[in-house]
There are 2 protein chains.
Amino acid sequence: MPLSREKIAAAAIRLADADGLDGLSIRKIAKELGVGPMRLYDYVLNKAELLDLMVDAVYARIAEVDKQPEWRATVLAIAHATRRAALDHEWFSDLLGARPHLGPHALAVGEATAAALSRSPAVRGIDDLQRALGALNGFLIGAVRREVTERRTARSTGTDEAAWQASLGPYLTRMLNTGRYPTIARLVIDGAHLDAEETFSHNLTTVLDGITGA
Amino acid sequence: MPLSREKIAAAAIRLADADGLDGLSIRKIAKELGVGPMRLYDYVLNKAELLDLMVDAVYARIAEVDKQPEWRATVLAIAHATRRAALDHEWFSDLLGARPHLGPHALAVGEATAAALSRSPAVRGIDDLQRALGALNGFLIGAVRREVTERRTARSTGTDEAAWQASLGPYLTRMLNTGRYPTIARLVIDGAHLDAEETFSHNLTTVLDGITGA
DNA sequence: CCCTTTGCCGTACACTGTATTGGTGGATAC
DNA sequence: GTATCCACCAATACAGTGTACGGCAAAGGG
């Protein structure tokens, strides 16, 4: 069975899911596919283009969300699907917003969000739409990125407990004990462990309220 | 004159400003400082820690903003300073949100924003504060990231005009001519070239309006 | 039968971060 | 004065990266 861009992207996604973007190399993908490393360059211009293919493959899954009748429900569905995809493929959050989303599926979800937003009564002209899209996408990119890094550090402080207790933990408590960061300290100490999905939902509606309310 | 973490970070920042993060290597930093590459490891654990140092050095500049009497003005000042810093050091946006901000100056900035937000009447308990901080930081990270990538692609389509006219341009017009992305097409064609700073300001107040519940 | 051309394949290059080894100067002990 | 040790620094070495490029075999044309 011959190679193809799709098959290469799929193999790359499998590896990136397992080892992260840093663990992803042309040679490993080729080995996974049982071919020589340079074969990949018959289908892909360079590694950057391969990353774009991976991103668009994920966007394809995001684009599968059902279209909702109400514009707000549509935006919520797309945003939640994007978050879900980023949690399933953490490397996705590293690439999200790092290059323009120009793949066909990325354009499709962009179209769906833009169309939904333009149905909001608060979005009047095309300038409003451009700004609203910027605000929403900005929040989406940043929020997802934050959540993924948080999850990563939580995992690594659990795994690499030695390093945490040896350096980072004491450093942090020392810092907070200086009294120079009282609010942060309060957040760390008293802050309940809020449910991540609930927080995301809450903040998303906050941003949407800002868009429609102003 | 002896080496120091600060001096190493400063040299690394100079190089990253010029060549981007991809062009940054231990060997180049060492050459810039006139020492052997392995000397740097007497001051820095590994490259990741060096990147953290660079990030915190930028946060030091951000933390210099004058404290405003009104909480909203404080948040605006910090956000604009962060954006300004990311435009001055584009690599900063690549690192922003990619790892927890735990350096002393990053903590200072976090403290200032958290303190300001907690003075908003709409932020009642510590849970509200945690969420508001998440919404604001999420937007900030994503918006800055978006703007920097936009600027980069604009620059590279200007520089590498051959590649644009050969592949990406035609690809995009072909895509938009399929009629599958009418809203996006309208945005690309009719969309005025909005001032980036104005857009950022507008969206920032939009998010803040959402937080305060206006 | 020979020549050309076309596609396939692996080698090779320049570069990365960093562990490790070897050497060298200066201070201290006898 | 000599020997020993130690701190410091330089260079080398290794395992890996993305990808340019040269060689080779098969196919087609005269």
Side-chain angles (χ1 to χ4, degrees), chain A residues 1-57 91 94-95 98-99 152 156 160 162-163 166-168, chain B residues 1-57 91 94-95 98-99 152 156 160 162-163 166-168:
Chain A
M1 58 174 153
L3 233 46
S4 72
R5 289 164 70 91
E6 289 74 20
K7 241 174 261 187
I8 293 175
I13 286 175
R14 274 197 306 274
L15 284 183
D17 285 345
D19 307 332
L21 267 194
D22 290 350
L24 187 69
S25 81
I26 297 285
R27 283 168 170 83
K28 285 186 195 162
I29 302 170
K31 180 157 287 183
E32 171 99 358
L33 291 168
V35 299
M38 294 310 288
R39 285 322 94 233
L40 304 194
Y41 287 95
D42 295 336
Y43 300 85
V44 157
L45 198 64
N46 48 33
K47 194 182 181 181
E49 191 183 89
L50 172 56
L51 294 179
D52 286 344
L53 282 181
M54 296 167 62
V55 168
D56 210 57
W91 51 268
D94 297 323
L95 266 26
R99 30 183 59 253
R152 278 177 178 154
S156 84
D160 203 354
S167 66
L168 252 167
Chain B
M1 57 171 162
L3 232 46
S4 72
R5 288 163 74 90
E6 289 74 19
K7 242 175 259 187
I8 292 175
I13 288 176
R14 274 198 305 273
L15 283 183
D17 286 345
D19 307 332
L21 267 194
D22 290 349
L24 189 68
S25 80
I26 297 285
R27 285 170 169 81
K28 285 186 195 162
I29 302 169
K31 180 157 287 183
E32 172 97 358
L33 291 168
V35 300
M38 293 311 285
R39 281 322 90 234
L40 304 194
Y41 287 94
D42 294 338
Y43 301 85
V44 158
L45 198 63
N46 49 30
K47 193 182 181 181
E49 190 182 90
L50 173 55
L51 293 181
D52 285 345
L53 282 182
M54 294 167 62
V55 167
D56 209 58
W91 51 267
D94 297 323
L95 265 27
R99 30 183 58 252
R152 277 178 178 152
S156 84
D160 203 354
S167 67
L168 252 166

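All values derive from a computational prediction rather than experimental measurement. In the text below, chain A, chain B and the rest are named by the order of the sequence lines, each starting its count at 1.
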Practice task
Indicate yes or no: at least one non-hydrogen side-chain atom of L24(A) is less than 4.5 angstrom from one of D19(A).
Solution key: no

Problem - Between dC8(C) (P) and L40(A) (CG): distance, integer Å - result: 14 Å

Practice task
Return the value, rounded to whole Å, for the distance between atom CD1 of I26(A) and atom P of dC9(C).
Solution key: 17 Å

Practice task
May I have the distance from L33(B) (atom CG) to dC9(D) (atom P), rounded to whole angstrom?
Solution key: 14 Å

Exercise for the section: Check every strand shown and say whether L45(A) touches a base, only sugar-phosphate, or nothing at a heavy-atom separation below 4.0 Å. Expected result: nothing

Exercise for the section: Under 4.0 Å between any heavy atoms, over every strand shown, what does D42(A) touch: base, sugar-phosphate, or nothing? Just pick one. Expected result: nothing

Completion exercise
When rounded to whole Å, the OH to P distance for the pair Y41(B) and dA13(D) reads 18 Å

Fill in the blank from the handout: Here the distance between atom P of dT16(C) and atom CG of D19(B), to the nearest Å, is 11 Å

Problem - Beyond-backbone contact of L40(B) with L3(B), side-chain heavy atoms, under 4.5 angstrom - result: yes

Problem - Side-chain (K47(A)) to main-chain (I26(A)) donor-acceptor, under 3.5 angstrom - result: no

Practice task
Mind calculating the distance between CE (M38(A)) and P (dG23(D)) to the nearest angstrom?
Solution key: 16 Å

Completion exercise
Closest of dT19(D), dT12(D), dG10(C) to the R39(A) side chain is dG10(C)

Exercise for the section: Starting at atom CG of D22(B), determine the distance to atom C1' of dG17(C), rounded to an integer number of angstrom. Expected result: 15 Å

Problem - Polar pair under 3.5 Å, donor/acceptor by atom type, side chain R27(A), base dG16(D) - result: no

Handout entry: Among dT16(C), dT19(D), dT18(C), the nucleotide that comes nearest once only the side chain of N46(B) is considered
Key = dT18(C)

Exercise for the section: Please determine, for the side chain of K47(B), which listed nucleotide (dG18(D), dT16(C), dA10(D)) has the closest atom? Expected result: dT16(C)

Practice task
Spell out, as yes or no, whether a donor-acceptor pair under 3.5 Å connects the side chain of R27(B) to the backbone of P37(B).
Solution key: no

Exercise for the section: Could you tell me the separation between the CD1 atom of I29(B) and the P atom of dT16(C), rounded to a whole number of Å? Expected result: 10 Å

Problem - Whether K28(A) side chain and L15(A) backbone form a donor-acceptor pair below 3.5 Å - result: no

